[in-house]
> 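Attaching a single structure in structure tokens format; questions to follow.
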There are 2 protein chains.
Amino acid sequence: MFEEYGTTLRMIRKQKGITLKRLAEGICSVSFLSKFERGDSDITLGLMTRLLEKLMMNFDEFLYIHHDFQPDKLEQFFQTARTAYFNRDDNQLKELKNGQLKKWKQYGVETYHYNALLIEVYESIVDEHYKNNSVQEYDIHHLSDYLFRVEVWGYYELTLYNGTLLLLEPDMVIMLSRTAYEKSARFRDYKKVHDAITSVLFNTIIYFLGPVNRFHEEFPFQKEFNEFISYLEIIAIPESNLTDRVHLLQLKGAYDIRTGSKDEGIAKMNKAIQLLNDLNSTKMANNIEQYLLQIM
Amino acid sequence: MFEEYGTTLRMIRKQKGITLKRLAEGICSVSFLSKFERGDSDITLGLMTRLLEKLMMNFDEFLYIHHDFQPDKLEQFFQTARTAYFNRDDNQLKELKNGQLKKWKQYGVETYHYNALLIEVYESIVDEHYKNNSVQEYDIHHLSDYLFRVEVWGYYELTLYNGTLLLLEPDMVIMLSRTAYEKSARFRDYKKVHDAITSVLFNTIIYFLGPVNRFHEEFPFQKEFNEFISYLEIIAIPESNLTDRVHLLQLKGAYDIRTGSKDEGIAKMNKAIQLLNDLNSTKMANNIEQYLLQIM
DNA sequence: TTAAAAATTGTCATATAGTGGAATTTATAA
DNA sequence: TTATAAATTCCACTATATGACAATTTTTAA
């Protein structure tokens, strides 16, 4: 049986005060639209597209309403995974992982496998005494293989990579992040994907800076740092995106400190902290403050 | 004939390295998927939903790719209208309007009429010697009637209202903006609509502040100003949305000046300007500076 | 190469998406 | 109320989306 999209459509149509006959005109027959709206028939993608267009509504919004104001399954998956990760809820992580593994075995579709891998990465960070301690090298290799193969990176690939990059080797991160930047180029005007690209670039830079307890060591990634900063500057941050700009300022400050220009770096980070406090974004300000303290 | 969605699906499937048989498993027959992917058949909405889910892709992104990386028709409409408005291109405005009027007459669907109205509002602002000088009162009434009637405001209603509110009477704006705020509540986790709500609230506040050349007059909208500011503060601006926070700071400054607390107001606006300059958002900083100069 | 396996396409049968128009219900107006 | 029109549903029918399985092409592996 099919989902009863029609009833949702009818609700929307009624709200807009459009009669069934008028909506159908030029698209399909009145009798069929009636049948569909009552939930007595599924509908062809082509017809649905044209009906929604006439109702001034896009597919995403329609499905959001239809699913009782819940995001789509893919976003729900990433969202719950992230939430479980932030809450260090290893039970939920395990449950999520098993769900994906089950689907992988059932259908043999690799993407479910990658999803399980993403969660495994989360698990290994949350639980330090993780059985395997590190995620199977074979699996990681499998995932990066996939990412290299895909020709256009969309929301899925970017979000997947974003969650796993912390566990990859530097060489791999350099190549994959560059690939991510290049192969998502066509999506740059599509907000959701654009945000995902930006996020990948930020995480890449954070990766190269390394954990705070190693800030006294030599910094071998100057070239890479500048490469990814330049991607961000040239393409990703419009003047109006102040949040990302503050974030960038913070990272540049950390870079200065990392490479010896302590005073400059501290000045930048303090400026970022001050900006955030001026705008009452105190939690974000505190985070940077903490970070700065740990570095010093 | 139908659009050949199938070929796009095939491309995506191949990229992900998933075999036709595996994608079809549990959803539809192999032979049908093959036929669909070759463009020899349309497909039911129900099947398509499940196929895309398995490919880890949402509808919006799929259609974006299918339409050669162009946004959907609705967004295109609003986008081109706004662009023509900013460029003061009255030829394009006229063309757009006629397109919508034509569809209105052809189908009798009122939404096309509202779209034409939106553009008429733009025209009347761009061309001061506009024939009717002001948009027909009857039409405006018709539009606000619609907005009052709709029970859930989505992206369309919010964007439509956002573009026309400047020409409405204060009483109407108070009621409609409040309605917009309340009746879009269920969408607050849906980014696109959330942004549209925020934008409506900002424009409402700007409306009440009035044009710069009347800043010396009495300010009769204290209550309303505070009402809409509170909506913004409570619900609309998460800590991470610095751009909106700066914008809010600017408006609070303008409010102070408008209501007599000059020094306080100037201080706030200067702070906003400084914040923007610190982040190299010079165009935005200049805009505020211009605004401040005109007020004084 | 070549044989075997895997993946895709073609053929035909059937379920169901979709149509035209009559019948029914609902809204409108006197 | 009652008559009239408008909107929706019902019904018989057609077109096409979808399935089962055989035929063909492509890939894999020796």
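Lettering follows sequence order; numbering is per chain, from 1.
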> Just how far, in rounded Å, is P of C:dA23 from NZ of A:Lys35?
20 Å
> Once you round it to whole Å, what is the distance between C1' of C:dC12 and CZ of B:Phe32?
16 Å
> Could you check whether any side-chain heavy atom of A:His142 comes within less than 4.5 Å of a side-chain heavy atom of A:Glu110, counting everything from C-beta outward?
yes
> Are any of B:Ser41's side-chain N or O atoms less than 4.0 Å away from OP1 or OP2 of D:dA17?
yes
> Heavy atoms from C-beta onward define the side chain here; which of C:dA17, D:dC11, D:dA20 lies closest to that of A:Ser31?
D:dC11
> Apply the side-chain contact (heavy atoms from CB on, under 4.5 Å) test between B:Asn203 and each candidate in B:Thr198, B:Val173, B:Leu166, B:Leu165; give the one that qualifies.
B:Leu165
> Does A:Glu157 form a side-chain hydrogen bond (donor to acceptor under 3.5 Å, both in side chains) with A:Tyr146? I'd like the steps, not just the answer.
CA-CA 9 Å; A:Glu157 285 76 21; A:Tyr146 167 69; 2.7 Å; yes
> Between D:dC10, D:dG19, C:dT9, spot the one nearest the side chain of A:Arg38, thanks.
D:dC10
> Less than 4.5 Å apart, any side-chain heavy atom of B:Leu101 and any of B:Trp104?
yes
> Just how far, in rounded Å, is C1' of C:dT19 from CG of A:Leu33?
13 Å
> Answer whether the closest heavy-atom distance between the side chains of A:Thr49 and A:Phe59 falls below 4.5 Å.
yes
> Is A:His141 atom NE2 crowded by more than 12 heavy atoms from other residues, nucleotides or ligands, each under 6.0 Å away?
no
> Could you tell me the separation between the CD1 atom of B:Ile43 and the C1' atom of D:dA17, rounded to a whole number of Å?
9 Å
> Between C:dT8, D:dA17, D:dT8, which one does the side chain of B:Lys14 approach most closely?
C:dT8
> Starting from P on C:dG10, measure out to CG on B:Leu20 and report it in whole angstrom.
12 Å
> Starting at atom OH of B:Tyr5, determine the distance to atom C1' of D:dA17, rounded to an integer number of angstrom.
16 Å
> Does a nitrogen or oxygen in the side chain of A:Arg13 sit under 4.0 Å from OP1 or OP2 of D:dT8?
yes
> Residues two or more places apart in sequence or in another chain: which of them pass side-chain hydrogen bond (donor to acceptor under 3.5 Å, both in side chains) with B:Lys35?
none
> Starting from C1' on C:dT9, measure out to NZ on B:Lys21 and report it in whole angstrom.
15 Å
> Is any side-chain N or O of B:Arg10 closer than 4.0 Å to OP1 or OP2 of C:dA7?
no
> With a 6.0 Å cut-off on the ring centroids, do A:Phe187 and A:Tyr155 count as close?
no
> Go through D:dT18, C:dT8, C:dA17 for me and flag the one nearest to the B:Ser29 side chain.
D:dT18
> Closest nucleotide of DNA chain C for B:Asp40 versus for B:Arg22: which of these residues is on the 5' side?
B:Arg22
> Nearest to the side chain of A:Val30, which nucleotide is it out of C:dG18, D:dT8, D:dG19?
D:dT8
> Just how far, in rounded Å, is C1' of C:dT8 from CD of B:Glu37?
10 Å
> Using a strict heavy-atom distance below 4.0 Å, which residues from residues 45-59 of chain A are in contact with DNA chain D?
none
> A:Thr19 side chain: which of D:dA7, C:dT8, C:dA17 is closest?
D:dA7
> Reckon B:Ser34 touches a base, only the sugar-phosphate, or nothing at all at heavy-atom distances under 4.0 Å?
base
